There are 2 protein chains.
Amino acid sequence: MLELLGKNAKKAAILLGKAGIEEKNQALLAVADALECKKEYLIEENQKDIEYAKKNHMSEALIDRLAINDSRIKGMAEGIRQVASLEDPIGAVSDMRKRPNGLMIGKKRVPIGVIGIIYESRPNVTADAFSLTFKTGNAVILRGGSDAINSNKAITNVIRETLEGCGVTPDAIQLVTDTSRAIATKMMQMNEYIDVLIPRGGAGLIQSVVKNATVPVIETGTGNCHVYVDKDADLDMAVRIIDNAKTQRLGTCNTCESLVIHKDIVEEAVPVIVSALKAKEIEIRGDKESRNLDSYIIPATEEDWGMEYLDRIISMKIVDDMDEAIAHINRYNTKHSEAIVTENYHNAQKFLNEIDAAAVYVNASTRFTDGFEFGFGAEIGISTQKIHARGPMGLEALTTTKFIIYGDGQIRG
Amino acid sequence: MLELLGKNAKKAAILLGKAGIEEKNQALLAVADALECKKEYLIEENQKDIEYAKKNHMSEALIDRLAINDSRIKGMAEGIRQVASLEDPIGAVSDMRKRPNGLMIGKKRVPIGVIGIIYESRPNVTADAFSLTFKTGNAVILRGGSDAINSNKAITNVIRETLEGCGVTPDAIQLVTDTSRAIATKMMQMNEYIDVLIPRGGAGLIQSVVKNATVPVIETGTGNCHVYVDKDADLDMAVRIIDNAKTQRLGTCNTCESLVIHKDIVEEAVPVIVSALKAKEIEIRGDKESRNLDSYIIPATEEDWGMEYLDRIISMKIVDDMDEAIAHINRYNTKHSEAIVTENYHNAQKFLNEIDAAAVYVNASTRFTDGFEFGFGAEIGISTQKIHARGPMGLEALTTTKFIIYGDGQIRG
C-alpha cells in the first residue's frame with residue numbers, strides 16, 4: 001500500500017515539477033475556498049477526534065493542539081491564500097557566471113520531488129504542509145497521528161477533491177491512513193520514493209524518525225526555549241516577555257520552558273516574575289538559590305533543565321554571570337529559540353553571537369519563532385538541525401538547486 | 001577513544017567559531033607551506049600505501065586515486081592557498097528586515113560545528129577537507145580508508161604540528177586511526193558530537209553511511225554520468241566530449257560511464273565513437289541496436305545501465321527519441337552529472353529542464369563537475385542528494401545560518 005503511495009507521488013512530482021505558477025495558484029485558492037465552504041464537515045470530523053481525546057484524558061494543551069474551530073479553519077484558508085500570493089521560487093537561476101574556459105555556470109531552483117511529513121496532533125499541519133509543498137512543485141505524503149486521523153482524512157479529502165476539480169493530479173497530496181508504527185518505520189526507509197522526511201511533533205516522534213530513517217531528515221521542533229534575564233534587564237519588560245513566552249500558548253515548541261536569571265538582579269526580579277507566573281497558575285521548579293528567594297518555587301531536578309513541559313510548569317536557574325548563562329543554555333537547549341532581556345549593548349551582542357540556536361532574540365518573546373510571524377506566509381516546521389534549513393521553514397526550504405552549464409564543446413585539460 | 005575525539009572536536013569548534021579570519025588564513029598558509037616542505041616525508045609514507053596496494057592487486061584506477069606525488073602535493077598546497085584567499089562567509093548577516101511589529105529579523109551565517117568525513121582512497125581529501133572546514137570555523141573528524149592510512153596520518157601530522165606552531169588548537173583536525181567497520185559505525189551515530197557527516201567514496205561506503213548513520217548525512221559522489229548524443233549533435237564535438245569525459249581520468253565520480261545515442265544519428269555516430277574509445281582500449285557494452293552497428297560492442301546486461309565502472313568500460317544505449325533518453329537517464333543515473341551534445345536550442349533547454357541531476361551540461365564534458373573547476377577554490381565533495389547542498393560543495397556548504405532578532409519588548413498578541 002505504502003509503495004503504491006510512493007509510486008503515485010513520484011508520478012505526481014514529475015507533473016507538478018512542470019506545472020505553471022498560475023495553475024498552482026488557482027488550485028491553492030480553490031482549496032482555501034473549499035476548506036471554508038466545508039467547515040461544518042471539518043468540524044464534525046474533528047469532533048470525533050476531540051471526543052476520543054477527552055475519553056483518553058489527554059492534557060488541556062494537547063486537546064488545544066488538536067482542535068479545529070471556525071477561526072482555525074479561517075487561519076488555514078488564509079495561510080493557503082497567503083502562500084498563493086507569494087512569489088514562485090521555482091525556476092529562478094542565480095549566480096550565473098562565466099568561467100575562464102567560457103563555460104556559463106548557474107544555479108537553477110527546482111522542486112525537491114517527494115516530501116514525506118510525519119506529524120502529531122495538530123491537523124492544521126495537513127493544510128499548511130500541502131500548500132507549501134504544492135506551491136513549490138513537490139508531491140507530499142503525509143502521515144499524521146492516530147489522534148487526529150479523522151480530521152486529517154477530512155482535510156485531505158477536501159483538498160484532493162478540489163484538485164481533481166481543477167484538473168490537477170490529486171496525488172499531489174496523499175495521506176497514510178494506517179497509523180501503525182510499522183508503517184511509519186517503513187515510510188522512513190522509502191529512499192526510492194521519498195527525497196526528504198520532515199517530522200513534526202514531540203521529542204519521542206522526532207527521535208524515532210532520526211533513529212530509524214534512512215531517507216534524509218530535517219529535524220524539527222522540540223523546544224526547550226529559555227528567557228535569560230540579564231543583570232541590566234528592564235524588569236517590567238522581562239516580566240511581560242516571560243509571561244507572554246510562557247503563557248500565551250502552552251503547547252507550542254516556541255513556548256518558554258526555562259528561565260535563567262543573573263544573580264545581581266534576583267532580589268528584585270524573582271518576586272515579580274513569581275507573582276506574574278503564580279497568577280497564571282504556572283508551577284516553578286527552581287534551583288536552591290531561587291528557592292531561598294520565594295517559597296512558591298519547588299525543587300528542580302537535573303532532568304528539569306532539559307524539559308519541554310508543554311504544560312503549566314517552568315524551570316528557573318540563577319547564574320553568576322553571563323558566561324554561565326550561555327553555557328547553561330547551550331548545554332540544555334534544543335537549539336530552537338532563546339531570548340535575552342537586557343539594556344546592555346555588549347551583553348545583547350554577546351548573546352546573539354554565542355548562543356547556538358535557530359533563533360536568538362534580544363528583548364522579545366520566543367513565541368515569534370513562526371513562519372507567519374517571520375513573514376514566510378506559512379511554515380512547514382521549525383528546523384532545529386543545522387543542515388539545509390534552520391528555524392522556521394517556508395517555501396525555499398522545500399526547494400533545491402541544480403547547476404546548469406552552457407558550453408560550446410569544452411573538455412577538461 | 002572515539003568519544004574523546006568527539007569531545008575534543010566540540011571544544012575545538014567553540015574556539016574556531018570565535019577565531020578571526022586573519023588568524024585562520026595565516027594558519028592555512030602555514031599549512032600549505034608545511035605540506036610542500038615536507039613532501040619527502042609525505043611521499044615516503046604514501047609509498048607504504050602504494051606498495052601495499054600493489055601487493056593486493058588493486059586496479060590501476062584505484063592506485064591512481066591513492067598516489068601522492070610532487071604535482072599532487074603542489075595541488076593540495078595550492079588548493080589550501082586558494083581557500084585562504086577566499087572571502088570568509090562567516091558572520092555575514094543577510095535578509096535583515098523589519099516586521100510590522102518592529103522586530104528586526106536577519107540571518108547570520110555561522111559554522112556548522114563538528115563535521116565528520118568518512119572517505120576512501122584519495123589522501124588529498126585529508127588536506128581539502130581540513131582547509132574548507134577550518135576556513136569556515138568548523139572542527140573536522142576524519143576517518144579515511146585503511147588503504148591510505150599511512151598517507152592520511154602523515155598529512156594530518158603535518159597539519160596538526162603546523163597549527164600548534166601557529167597557536168591554534170590542533171584538534172581542528174583529528175584522524176580516526178582505527179579503520180575498523182565497528183568504529184566507522186559508531187562514528188555515524190555520534191549525534192552528540194558530530195553535526196553532519198559527509199561520506200566520500202564508492203557506492204558501498206556511501207550506502208553503508210546512509211543506512212547506518214543517525215547523524216545527518218550529505219550523500220556524495222557515486223557517479224553514473226551519461227553523455228547523450230542528440231540527433232542534432234555536432235559529431236566531432238560529441239567524440240571529443242565523450243573521449244574526455246570517459247578517458248581523461250578513469251577513477252573519478254564525474255567520469256562518463258554511459259552513452260545514450262539518438263537513433264537518427266547512430267549510423268554516423270557509432271563508428272566514430274567506437275573508433276575513438278577503441279583507440280583508448282575502452283570496452284563498450286551496448287544494447288542490441290548498437291551491437292548491430294559495430295562488432296566491437298559486447299552485450300550489456302540490465303545491470304550495466306546503472307554501473308559506475310571506474311575502469312576501461314562504458315555502456316551504450318540507443319534511444320528512439322529525446323523523451324526516452326531523458327527517462328533512461330533519470331531512471332539509471334546517480335543524480336550526479338549529465339551532458340547533452342546538440343546544436344538544437346529546444347533540445348538543449350529541454351535537457352536542462354528535465355534531467356534530475358546535480359549538474360546538467362550542454363555541449364561540455366561531465367569532468368568539469370568539481371569545486372576547483374566551478375571556482376570554489378576546493379571542494380569537500382559532490383553532493384548527490386537534494387537537501388542542504390547539491391553538486392560540488394565549497395565553503396558555503398559547510399556553514400549554516402541562525403536567525404538573529406532585535407526587539408524592544410515585543411510580545412505576541
Side-chain angles (χ1 to χ4, degrees), chain A residues 18 97 99 103 105 108 110 112-113 191 195-196 210-211 214 216-219 234 237 240-241 243-245 248 348 352-365 367-369 373-375 385-392 400-413, chain B residues 18 97 99 101 103 105 108 110 112-113 191 195-196 210-211 214 216-219 234 237 240-241 243-245 248 348 352-365 367-369 373-375 385-392 400-412:
Chain A
K18 296 178 184 178
R97 65 204 182 288
R99 297 291 302 152
L103 284 180
I105 304 182
K108 183 171 183 177
V110 294
I112 289 179
N191 294 55
D195 293 294
V196 63
V210 167
K211 206 183 143 211
T214 52
V217 172
I218 301 176
E219 196 172 336
D234 172 332
M237 187 194 285
R240 270 202 318 279
I241 287 174
D243 177 43
N244 183 262
Q248 196 244 348
L352 289 174
N353 286 336
E354 296 187 17
I355 288 291
D356 187 14
V360 190
Y361 292 84
V362 177
N363 294 337
S365 169
R367 286 280 294 122
F368 287 109
T369 304
E373 294 294 334
F374 275 30
Q385 76 179 28
K386 293 183 176 177
I387 71 164
H388 188 66
R390 200 175 188 199
T400 183
T401 56
K402 65 179 176 192
F403 286 102
I404 58 172
I405 302 107
Y406 295 94
D408 47 16
Q410 282 85 349
I411 58 171
R412 189 159 166 191
Chain B
K18 295 179 185 177
R97 63 204 183 288
R99 297 290 303 153
N101 60 8
L103 284 180
I105 304 182
K108 183 171 182 176
V110 294
I112 289 178
N191 295 56
D195 292 294
V196 63
V210 167
K211 204 181 145 212
T214 53
V217 172
I218 301 178
E219 197 173 333
D234 172 331
M237 187 192 285
R240 269 200 321 275
I241 287 174
D243 176 43
N244 184 261
Q248 196 244 349
L352 289 175
N353 286 335
E354 298 187 16
I355 289 291
D356 188 15
V360 189
Y361 292 84
V362 177
N363 294 338
S365 169
R367 286 280 295 122
F368 287 109
T369 304
E373 292 295 332
F374 276 28
Q385 75 178 30
K386 293 184 175 179
I387 71 166
H388 188 65
R390 200 176 187 199
T400 183
T401 57
K402 65 181 177 189
F403 286 102
I404 58 171
I405 302 107
Y406 294 94
D408 47 15
Q410 282 85 349
I411 59 171
R412 188 158 167 190

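Here is the naming used below: chain letters follow the sequence lines, and residue numbers restart at 1 for every chain. Just so you know, these numbers come straight off a predicted model, no measurement behind them.
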Region of [X] in contact with chain B, defined by heavy-atom distances below 4.5 Å:
| X | answer |
| --- | --- |
| A/E219 | neither |
| A/R412 | both |
| A/I218 | side chain |
| A/I241 | both |
| A/A359 | both |
| A/V217 | backbone |
| A/A357 | backbone |

Looking at [options], which has the largest count of heavy-atom pairs under 4.5 Å with chain A?
| options | answer |
| --- | --- |
| B/N244, B/L103, B/V110, B/D356 | B/N244 |
| B/V196, B/T214, B/N191 | B/T214 |
| B/A364, B/S365, B/G409 | B/G409 |

With B/D408, which residues qualify under side chain to side chain donor-acceptor pair (under 3.5 Å), at least two apart? B/Q410
Nearest heavy-atom neighbours spanning A/F403 and B/P392: CE1-CD, 3.7 Å
Ignoring hydrogens and angles, tell me if any N or O in the side chain of B/R99 forms a donor-acceptor pair with the backbone of A/E373 under 3.5 Å. yes
Pair A/K18-B/N353, side-chain donor/acceptor within less than 3.5 Å: no
Checking B/I404 against chain A: side chain, backbone, both or neither under 4.5 Å from a heavy atom? both
Side chain proximity check, A/I405 to B/F368, heavy atoms < 4.5 angstrom: no
Test item: B/K402 and A/V360 side chains (from C-beta on) under 4.5 Å apart, heavy atoms: yes
Applying salt bridge (Lys or Arg N to Asp or Glu O under 4.0 Å), name anything that partners A/D234, two or more places apart in sequence or on another chain. none
Heavy-atom pairs under 4.5 Å with chain B are the metric here; pick the option from A/T369, A/I387, A/V362 that has the most. A/I387
